[in-house]
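Scroll down for the structure; my scribbles are underneath it.
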Amino acid sequence: CSESDLGPISLNWFEELSAEAPP
Amino acid sequence: DVAEQLTPLLPGGPREESLHFVSELKDPSCSCAVDVSTVWWAAAGRRELRVVTASESTVSLWEPLGPDSWGKVHTWHLTEIPVIQIVPLPDTCNLVCVALGELEIGEIRLLLYSSETDSFKYSLVKTGNIKAIVGLKDRRLVSSSRTMQEQQLEMVLLSETGGSKDRQTLMPPEETVTAFAEVEGMREALVGTTAGNSVVVWNLKTGQLLRKMDIGYSYPASICHRAYSDSGLLFVILSHPHAKESESCGSPAFRVVAFNPRTGRSTGVMFSCLPPGRAGRRYLEGDVWDTAGAAVLTSGAVAVWDLLRGRCTAVLPPGPAGHWALARWAAGGAALLAGHRNGTVRLYRY
């Protein structure tokens, strides 16, 4: 798979989503 | 004859040589085995892997007596409610977790040995209409249960003595959760699959629902087994008990799907199909350890796959004792346990 198929990738996705998600 | 049918069909033959028979245990008092598992057990200063077998009304603990023989250490009798499954607790010592119920799981119990009273006992962890359950590292247990109005998800931190030390509520998705899987190497991350064919991700520390990602409708009723995070992607191993055969890929038993949790987009990485011919037909139930999948098929055979390569690497045809009914990986992938309904379990090194 390529990055373009899946969109921009972040190595810190877990921390970023935790900061953005409702508590 | 199943083995003969398979020989010309599998790539490179059935390759039974990748499974090496190690030992067998037989429970003459078991009329209908429902599950088999392993547990780490520490006693007299050493830790060893023991086998746990379950029938509808008993759970038995077996210790290795020699290189190829097993002896029953203890049997817990659970006569009020039938045992449905053993719930493995990875890296946990001296605790056996079982789910009991009639048609659905109604309660979760821990079976243990108390050194204080020098006796085997059990404790009740949870009751309710439990839909899905998983044991995680560090003595954690996550379950989903349903009332008429709502779905409740909870993580219980178990104590060494079989009690619950702490509880954390997880935010439920709108759809019913069908299965959970831990994310290797990420202690606080948990994934699940839903009845609406989505993969969801939670933060176990905060209970937050981080993301719901569509799997796609080609493979309905997907069940998650394991997940790995690598290079910013979440790789989830799914099984498809109800997948229909398609011309392009046969019958997919397992798939590895890569999700980008940032965007929710996904792509299939690899699929592992049932062995062709009459040996396969349909997937009944299976288990995943690391990147190895094992499943019991409707033909009564057990098939093993290298899930990253999408290759069936071994097939155990039904033996003299009849159809296989159970296929489980031992803790740490030390062995494949294949069980018959009559209580016979054979261990194979893979």
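Letters A, B, ... are given to chains in the order of the sequence lines, protein chains preceding strands, and every chain is numbered from 1.
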> Does a salt bridge link K205(B) with E188(B), judged by any charged N lying under 4.0 Å from a carboxylate O?
Replying inline: no
>> According to ring pair (Phe, Tyr, Trp, His ring centres under 6.0 Å), does anything in residues 173-209 of chain B pair up with another residue at least two apart or in another chain? List the pairs.
In response: F180(B)-W202(B)
>> Which atoms of L234(B) are under 4.5 Å from chain A, going by heavy atoms: the side chain, the backbone, both sets, or neither?
In response: side chain
> In terms of the angle between their ring planes, are W289(B) and W329(B) parallel, tilted or perpendicular, with boundaries placed at 30° and 60°?
Replying inline: tilted
> In chain order, what residues pass the side-chain hydrogen bond (donor to acceptor under 3.5 Å, both in side chains) check against W13(A), with sequence neighbours excluded?
Replying inline: S229(B)
>> For chain B, which candidate among S10(A), P23(A), S18(A) shows the most heavy-atom pairs at distances under 4.5 Å?
In response: S18(A)
>> Between V201(B), L210(B), T263(B), who has the most heavy-atom pairs with chain A when the cutoff is under 4.5 Å?
In response: L210(B)
